[in-house]
Amino acid sequence: MYKSIRITILLALAIFAIQSALADAPINYYNNALGKSDEALMMALRNIIRSHREVSYSSGLLNAFAIADVDDQGYIIDIYSNCRYRPSDNGSSAKTVGEGYNREHSFPRSWFGGAVSPMNTDVFHVYPTDIHVNSQRGNHPYGVCANGTRLSNGSYVAKGKLGKSTYPGYNGTVFEPDDEYKGDLARTYFYMATCYKNELPSWPGSEQLNYGANKYKAFSTWTINMLMEWTRLDPVSEKEKKRNEAIYGIQGNRNPFIDHPELAEFIWGNMQGKPWSGSGQEVTANITTPENGSLINIGETVEGNPQEYTITVKGEGLTKNLVLSMEDNEYFYVDKTYFTPSEVNNGTSFVIGFTADDLGTFNDIITLSNSEVSVTFTVTATAVKQGDDPDPPVVLGDSIMEDWEGCTTGGYWTQWVEGHQWIWDFTDAGIWGDTNRHGELVCRFGKTNASSITMVEDVEGGTSAIGVWAASFGSDANAELRVDFSTDKGSSWTELASFTVTRGDLQHYTMDIPLEGNVRFRIVQTSGTRVNIDDITIYGRKAEPSPLVGDVNNDGEVNIADMNAVNDLILGGTADEDTLSRADVNKDGEITIADANSVADIILSK
């Protein structure tokens, strides 16, 4: 018993220290919301914060209050009264102010249907408040009342009053909180409308809500006006920041409107219709990478051999799709011509390839554009003779490409064929010098719609993906191809993917296949007639990143949630072997308070 109490106290102290040290959301936490506006922004925020741990109504909320809602002396911070309560002073009834605190659903639970999870115990909107004042408020909406009734009991005084609304747009009974907490409660309401955006349309509602009229904005018009006034006049306090951090450790999610109070303006206020850039500043749509007018050299390659290079695309403030166009695609090809605003605002990339049958240096002009922005840049590449020892090619990861170069040409075979990289088992397929190719030669399937090529050898060490360039031959109709793989030397096969091949230039089809060990592939035609297949690229397995010390829950960062995970294990919780290994931060074979302290040290050293 003593040990458990001691551990709890030490962890509480460590958590408090971290709360004091941290003030900002984790890096990249809101990245998926960047560049979005209005309802799309709200939905992106909802997707970030909706999944969270649920605490219990009885002990869970009280334990949360003891961490998230206490001052430096350990007293409960009561937003409804000036009373000084200890965490143990909770109760269920009171005849006057000052007789204890209980759980206040600032967003009354009758509005969302009663004791419905997870809203019923979401700590972000449940506050510890004086029992008697809580009872006075009931489920009345928040509002403004010039002549309301404020409860008191000697020196114990309520921080709020109940009366008839004097705010334009509503004349019913309201509870008006004191000014120091109006911004807190406005940001709480913004959180509830965002986190439970998908559920809110079916809630019973109240005078505070009007989904029918204002849709995703959820609140009645007078409430929107009032809450925006409150959040502007009462900015985020240190108390709110510490509470946000503590609840992040408890539930695993955050209140975006505390981390970025300007977000309310982009959804309900004067920045509606404008993309959010991560701050309150309006951002003009812009592409930062690649630079307009820049020259990108993708290197040298032997004539006839493909060369691939990855180009990063990064922008800010985009709200429309971005389209890639090429001035001349005789020598250059790309794997992507369409980018969403979210991709560009967060940073993305595309692969450009080059192949030429002639010697020399070749250029192409590429444009990335939409109605908001346009950048143009030049790519250059050089084809040299075999033996001229070109610079090492740049490819996507460790890869091996079957390009058929140097192979024997002929008709349609049903036999083993020696390719450039592997030996293949051809069925009604051959190697030809067709015009629709990347180098000198290309594989062509026959007319029987039962053609296939099968690797007779394994790729060793595992794979991450396979890429295939393909197109219907000449004017032949569309065809269907299927890619299979085998991990037992061809004894049995598993379908990886199927795709439709169309007329025109060779198109790039990429399929992820993260496998360890040896593997081989086959490509099978299931319908259609002749098909050209070139540059089959098998990408090697990428090395696993080293684990981040202290990242107990394996989410890519070290924070209070990891410390809580260690705490749970110390107090008797269970977990899988990988989690237990990560929780043993000190690698001494046991999980103790020393591991929790190590996690705290890592967080505080950031």
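The line from OH of Y211 to CG of L200 is 7.5 Å long, rounded to the nearest 0.5 Å. Taken to the nearest 0.5 Å, the CG atom of L45 stands 8.5 Å off from the CE atom of M42. Rounded to the nearest 0.5 angstrom, L34 CG and E316 CD are separated by 10.0 Å. Here the straight-line distance linking atom CD1 of I49 with atom OH of Y191 works out to 5.5 Å at 0.5 Å rounding. Taking CD1 of I247 as the start and NE2 of H52 as the end, the distance is 10.0 Å to the nearest 0.5 Å. The OG1 atom of T312 sits 9.0 Å away from the CD1 atom of I296 when rounded to the nearest 0.5 Å.
One N or O on the side chain of T463 and one on the backbone of I513 form a donor-acceptor pair closer than 3.5 Å. For the pair N214 (side chain) and K217 (backbone), a donor-acceptor distance under 3.5 Å is absent. Within the 3.5 Å criterion, the main-chain N or O of H260 finds no donor-acceptor partner in the side chain of Y30. Under a 3.5 Å cut-off, the side chain of Q307 and the backbone N or O of I298 do form a donor-acceptor pair. Counting only distance, with no hydrogens or angles, the side chain of D476 and the backbone of T529 share no donor-acceptor pair below 3.5 Å. No donor-acceptor distance shorter than 3.5 angstrom exists from the side chain of D535 to the backbone of D403, with no hydrogens or angles considered. With hydrogens and angles ignored, the 3.5 Å screen pairs no side-chain donor or acceptor of T348 with any backbone N or O of V313. D562 places a side-chain N or O within donor-acceptor distance of the main-chain N or O of N559, the cut-off being under 3.5 Å. D551 contributes a side-chain N or O that, together with a main-chain N or O of D555, makes up a donor-acceptor pair within less than 3.5 Å. Between the side chain of N436 and the main chain of G504, a donor-acceptor pair closer than 3.5 Å is present.
Residues N363 and T380 bring a donor and an acceptor atom of their side chains to less than 3.5 Å of each other. For H438 and D534, the side-chain atoms include no donor-acceptor pair closer than 3.5 Å. Residues T454 and D425 bring no donor and acceptor atom of their side chains to less than 3.5 Å of each other. Counting only N and O atoms by type, the side chains of D122 and Y196 include a donor and acceptor under 3.5 Å apart. Side-chain atoms of T231 and R187 form a donor-acceptor pair, as typed in the model, at a separation below 3.5 Å. At a cut-off of 3.5 Å, with distance as the only test, no side-chain donor of Y333 or D505 sits close to an acceptor on the other residue. Side-chain contact, D576 with T579: a donor N or O sits under 3.5 Å from an acceptor N or O. E405 and N305 share no side-chain donor-acceptor pair at under 3.5 Å. Under the 3.5 Å distance criterion, with hydrogens and angles disregarded, a donor-acceptor pair is assigned to the side chains of T367 and T376.
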Apply the test side-chain contact (heavy atoms from CB on, under 4.5 Å) to residues E199 and R50: give CA-CA distance (whole Å), side-chain angles for both, the deciding distance (0.1 Å), then the verdict. CA-CA 11 Å; E199 294 87 348; R50 177 59 180 84; 2.9 Å; yes

Query raised in the report: Where do T408 and I431 land on the side-chain contact (heavy atoms from CB on, under 4.5 Å) test, with the steps shown first?
Result: CA-CA 7 Å; T408 301; I431 298 175; over 6 Å; no

- Apply salt bridge (charged side-chain N to carboxylate O under 4.0 Å, His left out) to the pair E265 and K274, showing each step before the final yes or no. CA-CA 10 Å; E265 299 288 354; K274 299 174 182 177; over 6 Å; no

After noting the C-alpha distance and the side-chain angles of W493 and R520, does the key distance pass the side-chain contact (heavy atoms from CB on, under 4.5 Å) rule? CA-CA 9 Å; W493 294 89; R520 63 181 64 179; 3.7 Å; yes

| message | Evaluate F354 against V379 for side-chain contact (heavy atoms from CB on, under 4.5 Å), listing each step before the verdict. | response | CA-CA 10 Å; F354 163 77; V379 292; over 6 Å; no

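Aromatic ring pairs are classed by plane angle as parallel below 30°, tilted from 30° to 60° and perpendicular above 60°; the pair F426 and W404 is perpendicular. Using bins of under 30°, 30° to 60° and over 60° for the plane-to-plane angle, the ring pair F190/F219 lands in the perpendicular bin. Ring geometry for Y331 versus F362: interplanar angle of 30 to 60°, hence tilted.
In this structure, A383 and A356 approach most closely via the heavy-atom pair CB-CB, 4.1 Å. Considering all non-hydrogen atoms of both residues, V531 and Q525 come closest at CG2-NE2, 4.0 Å. Scanning both residues, S472 and A479, for their nearest heavy atoms gives OG-N, 4.0 Å. Taking both residues in full, the closest heavy atoms of W416 and I423 are given as CE3-CG2, 4.0 Å, listed atom of the first, atom of the second, then distance. Smallest separation of non-hydrogen atoms from A33 and L41: O-CD1, 3.5 Å.
When side chains are defined from C-beta on, L368 counts as touching F339, because their heavy atoms get closer than 4.5 Å. I466 is not listed as a side-chain neighbour of F485, based on a closest heavy-atom distance of 4.5 Å or more. Side-chain contact between F124 and N244: present, with at least one pair of heavy atoms (C-beta onward) separated by less than 4.5 Å. The side-chain heavy atoms of T355 and T301, taken from C-beta on, include no pair separated by under 4.5 Å. Residues F377 and I311 have side chains in contact (heavy-atom distance under 4.5 Å, counting atoms from C-beta outward). Side-chain contact between T194 and F257 is present, with at least one heavy-atom pair separated by less than 4.5 Å. Between M43 and N198 the shortest side-chain heavy-atom distance falls below 4.5 Å. Taking the side chain as every heavy atom from C-beta outward, P341 and N321 approach each other to under 4.5 Å.
At most 12 non-hydrogen atoms from other residues, nucleotides or ligands lie less than 6.0 angstrom from CD of E460. Counting heavy atoms of neighbouring residues, nucleotides and ligands inside a 6.0 Å radius, atom CD of Q272 exceeds 12 of them.
Between F473 and W432, the distance separating the two ring centers is not shorter than 6.0 angstrom.
With sequence neighbours left out, the salt bridge (Lys or Arg N to Asp or Glu O under 4.0 Å) criterion links D484 to R482, R522.
Only one option out of Q415, E418, E402 pairs with W424 in a side-chain hydrogen bond (donor to acceptor under 3.5 Å, both in side chains); it is E402. Just one of V468, D335, T537 meets the side-chain contact (heavy atoms from CB on, under 4.5 Å) condition when paired with H508; it is D335.
Salt bridge annotation for R437-D357: present, with a cationic side-chain nitrogen under 4.0 angstrom from a carboxylate oxygen. Ion pairing between D458 and K489 holds under the 4.0 Å rule for side-chain N and carboxylate O.
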